[in-house]
S.K.: 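Before I ask anything, let me first share the structure, which is written out below as structure tokens.
Indexing begins at 1, ligand by ligand and atom by atom, following the structure's order.
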Amino acid sequence: MSKSTFAEINKYDKLGFAFNGGKESTVVFNLLLNYGHYKSVIYFNVTSNHDFPEIRLFLKSVSKKYDITILEYSDIKEAIIDLKDKYKITGILMGCRKTDPHCSGLDIFSPTDKSFPNTIRINPIINWSYKDVWDYIEENNVNVCKLYEKGYTSIGDTSNTFPNYLLFEHNKYKYAKYMNIDEKERVGRIKYNLPIEVSGTVVKGKQLGRKLGFPTANIICDNLKLQYGIYYGNCILRGKTYLSVMSWGENIHFNETKRILEVHILSKFDRDFYGDILNITITGYIRPMIKFNHTDLLIQQIEQDIKIAKHNSC
Ligand code: ADP
Ligand code: RBF
Ligand code: MG
């Protein structure tokens, strides 16, 4: 991104700006303040019932500080139609980067896809890396949403976005800019929305969980719509509710190919409870399933998962 890019952008008569309060749109807003005509832009955001309160607060504070109005829509296509119709916009500024889903083919100026109302998407930071974004934020003292201080590296909404487990150290999350593996930016985001409730009977397995130090109640649930990974939540056993960590999928560390839900309850029990029913509510996501180089590393990571579950659920 250079000044000359903004010279091109400034030729557009009336621009919309998809300002969602995430780090990229905040950087584009800052570029607009420095090089563009921010007062003549039409700001909008596509909101949902699951928006983070921190994002709402952040957008409110920006709109107050810079005296801008941010229009709210519930659907992006509806938004484009309305902005074209009412405000005669000829393009939309966005904070997309190539590493975002469906964005690898985009350039700084790209028309909308055939399935969208026709306009030009303008992506000033399309070629920036995760590190580029944080370097800019730091160099320009840009104020970003508080969620980035709580371990989030990429933000969707409360049903599908969790802190990045790679930032969890010494029982707390580090600031987002300290996550230094660009490809792991979206590791806290999932495809299906939480919470999810699932019930099942505890079945017997190879009894390996207890050898690792983490007995897991195994539940067969073939129709669980959830991406494989490590989660936390509550489970009710014989009328009592317990905090639990769970793994869902194939235990690739042990070359297993059968998918299974395993629940490790964070409480000690005197005896087994095979045959009992567990009512499970999965409330949070921790990380993907991993094949480690050594089983000791799996054990260490499970200890860390438990700390994350306790930290995130209080
Ligand atoms: P399996 O391979 O049969 O699942 P595990 O070694 O994983 O064997 O042990 C799980 C069993 O241990 C559970 O089915 C349950 O009956 C019992 N158990 C005891 N304490 C716990 C706990 N804290 N969390 C889950 N299961 C536990
Ligand atoms: N299995 C894996 O193959 N990879 C993992 O990263 C992994 N993480 C787990 C994290 C937690 C919190 C729990 C409870 C289990 C995890 N498992 C994982 C499943 C583990 O392999 C399984 O519980 C044992 O093999 C006993 O069945
Ligand atoms: Mg088990």
Side-chain angles (χ1 to χ4, degrees), residues 151 162-169 171 173 181 183-184 186-192 194-222 224 226-314:
F162 299 87
N164 189 318
Y165 79 101
L166 295 168
L167 283 170
F168 195 78
E169 221 177 273
N171 255 319
Y173 287 101
I181 313 168
E183 317 81 76
K184 301 282 185 187
R186 297 175 67 88
V187 83
R189 296 186 64 165
I190 48 172
K191 287 197 277 289
Y192 297 99
L194 298 185
I196 287 179
E197 290 187 12
V198 51
S199 299
T201 308
V202 180
V203 298
K204 204 168 194 166
K206 295 177 186 162
Q207 308 210 313
L208 171 62
R210 65 193 68 189
K211 283 192 196 129
L212 300 176
F214 308 100
T216 56
N218 298 5
I219 312 277
I220 313 284
C221 34
D222 283 330
L224 179 57
L226 184 66
Q227 87 192 44
Y228 290 172
I230 312 307
Y231 295 82
Y232 60 89
N234 298 313
C235 83
I236 305 176
L237 170 65
R238 296 180 196 152
K240 256 188 100 175
T241 305
Y242 303 92
L243 182 62
S244 310
V245 283
M246 303 129 195
S247 77
W248 161 240
E250 297 161 3
N251 295 336
I252 48 178
H253 180 76
F254 297 104
N255 300 317
E256 290 285 353
T257 51
K258 232 176 41 204
R259 64 183 185 164
I260 187 162
L261 179 66
E262 297 191 32
V263 183
H264 172 64
I265 302 177
L266 301 184
S267 199
K268 278 233 170 302
F269 294 86
D270 301 335
R271 57 181 194 87
D272 290 338
F273 39 85
Y274 293 117
D276 270 307
I277 291 186
L278 282 190
N279 295 303
I280 304 150
T281 308
I282 305 172
T283 55
Y285 172 69
I286 302 176
R287 64 174 174 89
M289 199 70 103
I290 298 171
K291 187 173 174 69
F292 294 88
N293 288 331
H294 198 282
T295 301
D296 286 349
L297 295 175
L298 168 64
I299 292 171
Q300 273 175 30
Q301 183 60 52
I302 295 178
E303 284 166 357
Q304 178 87 332
D305 296 335
I306 291 170
K307 286 181 189 162
I308 290 177
K310 287 179 176 166
H311 180 279
N312 290 9
S313 55
C314 71

S.K.: Geometry only, no angles: is Ile230 polar-contacting ligand 2 at N/O separations under 3.5 Å?
M.R.: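 No, since none of the N or O atoms of Ile230 sits under 3.5 Å from an N or O of ligand 2.
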S.K.: What pair of heavy atoms forms the shortest contact from Tyr165 to Ile286, and how long is it?
M.R.: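 The answer is CB-O, 3.5 Å.
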S.K.: Find all atoms of ligand 1 within a distance of less than 4.0 Å from any non-hydrogen atom belonging to Lys206, and give their numbers and elements.
M.R.: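 By the 4.0 Å cutoff, the relevant atoms are 2 (O).
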S.K.: Counting only nitrogen or oxygen atoms and a 3.5 angstrom limit, does Lys211 reach ligand 1?
M.R.: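 N/O-N/O distance under 3.5 Å: no.
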S.K.: Give the numbers and elements of all ligand 1 atoms closer than 4.0 Å to a heavy atom of Ser267.
M.R.: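 Ligand 1 atoms under the 4.0 Å threshold to Ser267: 23 (N).
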S.K.: Considering the heavy atoms of Asn218, write down every atom of ligand 1 situated less than 4.0 Å from one of them.
M.R.: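 Listed by number with element, the hits are 1 (P), 2 (O), 4 (O).
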S.K.: Begin from the C-alpha positions of Asn279 and Ser199 and carry the test side chain to side chain donor-acceptor pair (under 3.5 Å) through to its verdict.
M.R.: CA-CA 4 Å; Asn279 295 303; Ser199 299; 2.7 Å; yes
S.K.: So which heavy atom in the protein is nearest atom 20 (N) of ligand 1, and how far is it from that ligand atom?
M.R.: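 For this ligand atom, the closest protein heavy atom is Phe269 CD1, 3.7 Å.
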S.K.: Would you say Gln207 has any N or O atom under 3.5 Å from an N or O of ligand 1, going by distance alone?
M.R.: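 Between Gln207 and ligand 1 (N or O atoms, distance only) the closest approach is under 3.5 Å.
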S.K.: What's the verdict on ring-ring contact (aromatic ring centres under 6.0 Å, His included) for Tyr231 and Phe162, showing C-alpha distance, side-chain angles and the deciding distance?
M.R.: CA-CA 10 Å; Tyr231 295 82; Phe162 299 87; 8.1 Å; no
S.K.: Tell me the nearest of Glu262, Glu303, Arg287 to atom 10 (C) of ligand 2, using heavy-atom distances.
M.R.: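 Nearest option to atom 10 (C) of ligand 2, by heavy atoms: Arg287.
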S.K.: Measure the spacing between CG of Asn171 and NE2 of His311 and express it to the nearest 0.5 Å.
M.R.: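 Output value for this atom pair is 7.0 Å.
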S.K.: How long is the span from the NZ atom in Lys307 to the CZ atom in Phe168, to the nearest 0.5 Å?
M.R.: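 Result: 7.5 Å between the selected atoms.
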S.K.: If you measure every N or O of Lys204 against every N or O of ligand 1, does any of those distances drop under 3.5 Å?
M.R.: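 N/O-N/O distance below 3.5 Å does not exist for this pair.
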S.K.: State if Phe254 counts as touching ligand 2 under the rule of any non-hydrogen atom under 4.0 Å.
M.R.: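 Under 4.0 Å: yes for Phe254.
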S.K.: Using a strict cut-off of 4.0 Å, indicate which atoms of ligand 2 neighbour a heavy atom of Asp305.
M.R.: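 Under 4.0 Å from Asp305, ligand 2 has these atoms: 10 (C), 12 (C).
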S.K.: Just do the side chain to side chain donor-acceptor pair (under 3.5 Å) check on Ser244 and His264 with the steps written out, would you?
M.R.: CA-CA 6 Å; Ser244 310; His264 172 64; over 6 Å; no
S.K.: For atom 16 (C) of ligand 2, find the nearest protein heavy atom and state the residue, atom name and distance (0.1 Å precision).
M.R.: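 The protein heavy atom lying closest is Ser247 CB, 3.6 Å.
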S.K.: Which atoms of ligand 2 are found less than 4.0 Å from any heavy atom of Phe292?
M.R.: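 Under 4.0 Å from Phe292, ligand 2 has these atoms: 6 (O).
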S.K.: What distance separates Trp248 CH2 from Ile280 CD1, expressed to the nearest 0.5 Å?
M.R.: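 Between atom CH2 of Trp248 and atom CD1 of Ile280 there are 10.5 Å.
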S.K.: Among protein heavy atoms, which sits nearest to atom 1 (P) of ligand 1, and what does the distance come to when rounded to 0.1 Å?
M.R.: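 Minimum-distance protein heavy atom for atom 1 (P) of ligand 1 reads Gly205 N, 3.5 Å.
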S.K.: Please report which non-hydrogen protein atom sits nearest to atom 24 (N) of ligand 1, along with the residue it belongs to and the distance in Å to one decimal place.
M.R.: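 Among all protein heavy atoms, the one nearest atom 24 (N) of ligand 1 is Ile265 N, 3.0 Å.
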S.K.: Tell me: protein heavy atom nearest atom 9 (O) of ligand 1, and distance?
M.R.: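 Answer for atom 9 (O) of ligand 1: Arg210 NH2, 3.2 Å.
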S.K.: Does an N or O anywhere in Val202 fall below 3.5 Å from an N or O of ligand 1?
M.R.: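 Looking only at distances, the answer is no, because the N/O contact criterion of under 3.5 Å is not met.
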S.K.: With no hydrogens and no angle check, is any side-chain donor or acceptor of Arg287 less than 3.5 Å from a backbone partner on Val187?
M.R.: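 Such a contact is absent between Arg287 side chain and Val187 backbone.
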S.K.: Is the contact between Glu262 and ligand 1 made by the side chain, the backbone, both, or neither, using heavy atoms and a 4.0 Å cut-off?
M.R.: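 Neither part.
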S.K.: Which atoms of ligand 2 have any heavy atom of Val245 under 4.0 Å away?
M.R.: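 What qualifies from ligand 2 is 12 (C).
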S.K.: Show the atoms of ligand 1 that are less than 4.0 angstrom away from any heavy atom in Ala217.
M.R.: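 It comes down to these atoms of ligand 1: 13 (C), 14 (O), 25 (C), 26 (N).
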S.K.: Which heavy-atom pair separates Tyr232 from Tyr285 by the least distance, and what is that distance?
M.R.: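 Here Tyr232 and Tyr285 meet closest at CE2-N, 4.0 Å.
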S.K.: For Leu208, take its heavy atoms, then give the atoms of ligand 2 lying under 4.0 Å from any of them.
M.R.: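 The list of qualifying atoms is 25 (O).
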S.K.: Considering only the protein, which heavy-atom contact is closest to atom 19 (C) of ligand 2, and what is its distance?
M.R.: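 Atom 19 (C) of ligand 2 sits closest to the protein heavy atom Asn251 OD1, 3.3 Å.
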S.K.: Who gets closest to atom 14 (C) of ligand 2 by heavy atom: Leu212, Thr216, Asn218?
M.R.: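 The option holding the nearest heavy atom is Thr216.
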S.K.: Of the side chain and backbone of Ser244, name the one, both, or neither that has a heavy atom under 4.0 Å from an atom of ligand 1.
M.R.: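 Within the 4.0 Å criterion, Ser244 makes no contact with ligand 1.
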S.K.: For Tyr274, counting its heavy atoms only, list the atoms of ligand 1 lying under 4.0 Å from any of them.
M.R.: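 The list of qualifying atoms is 1 (P), 3 (O), 8 (O), 11 (C), 14 (O), 16 (O).
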S.K.: Ignoring angles and geometry beyond distance, decide whether His253 reaches within less than 3.5 Å of ligand 2 through its nitrogen or oxygen atoms.
M.R.: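 Yes, since at least one N or O of His253 sits under 3.5 Å from an N or O of ligand 2.
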S.K.: So which heavy atom on Leu261 is nearest to which on Cys221, and how close?
M.R.: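 Looking at all heavy atoms of both residues, the shortest contact is CB-SG, 3.7 Å.
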S.K.: Working note: Lys291 + Asn255, criterion side chain to side chain donor-acceptor pair (under 3.5 Å); need CA distance, chi angles, decisive distance, verdict.
M.R.: CA-CA 9 Å; Lys291 187 173 174 69; Asn255 300 317; 2.8 Å; yes
S.K.: What protein heavy atom sits nearest atom 17 (C) of ligand 1, and how far off is it?
M.R.: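 Looking at atom 17 (C) of ligand 1, the protein heavy atom closest to it is Asp272 OD1, 3.5 Å.
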S.K.: Under 4.0 Å from any heavy atom of Leu298, which atoms of ligand 2 are there?
M.R.: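 Answer, ordered by atom number: 5 (C), 6 (O), 7 (C), 8 (N), 18 (C).
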S.K.: Please confirm whether Lys291 approaches ligand 2 to less than 4.0 Å, judged on its heavy atoms.
M.R.: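 No, Lys291 has no heavy atoms under 4.0 Å from ligand 2.
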S.K.: Is the side chain of Asn164 donor-acceptor paired with the backbone N or O of Lys184 at a distance under 3.5 Å, no angle test?
M.R.: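 It does hold such a pair.
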S.K.: For atom 10 (C) of ligand 1, what's the nearest protein heavy atom and its distance?
M.R.: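 Going atom by atom, the protein heavy atom closest to atom 10 (C) of ligand 1 ends up being Thr216 O, 3.1 Å.
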S.K.: Please confirm whether the backbone N or O of Gly249 pairs with a side-chain atom of Glu262, one donor and one acceptor, at under 3.5 Å?
M.R.: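 Side chain of Glu262 to backbone of Gly249, a donor-acceptor pair under 3.5 Å: no, none is there.
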S.K.: Quick one: which ligand 2 atoms are inside 4.0 Å of a heavy atom on Gly209?
M.R.: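 Counting from 1, the qualifying ligand atoms are 26 (C).
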S.K.: Is Thr216 close enough to the Mg ion (ligand 3) that one of its N, O or S atoms comes in under 2.8 Å?
M.R.: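 Looking at Thr216, which is the residue asked about, there is an N, O or S atom under 2.8 Å from the Mg ion (ligand 3).
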S.K.: Starting from atom 21 (C) of ligand 1, what is the nearest protein heavy atom, named by residue and atom, and what distance separates them?
M.R.: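 The closest one turns out to be Pro215 CG, 3.6 Å.
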S.K.: Minimum heavy-atom separation for Leu278 to Cys235, with atom names?
M.R.: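 Scanning both residues, the minimum pair turns out to be CD2-SG, 4.1 Å.
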S.K.: Using a 4.0 Å heavy-atom threshold (strictly under), name the region of Leu266 that reaches ligand 1: side chain, backbone, both or neither.
M.R.: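 For Leu266, there is no contact with ligand 1 at all, from either part.
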S.K.: Report the member of His264, Gln301, Met289 with the shortest heavy-atom distance to atom 2 (C) of ligand 2.
M.R.: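 That would be Met289.
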S.K.: Mind checking whether Phe273 has an N or O less than 3.5 Å away from an N or O of ligand 1?
M.R.: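 Yes - when backbone and side-chain N and O of Phe273 are compared with those of ligand 1, one distance drops under 3.5 Å.
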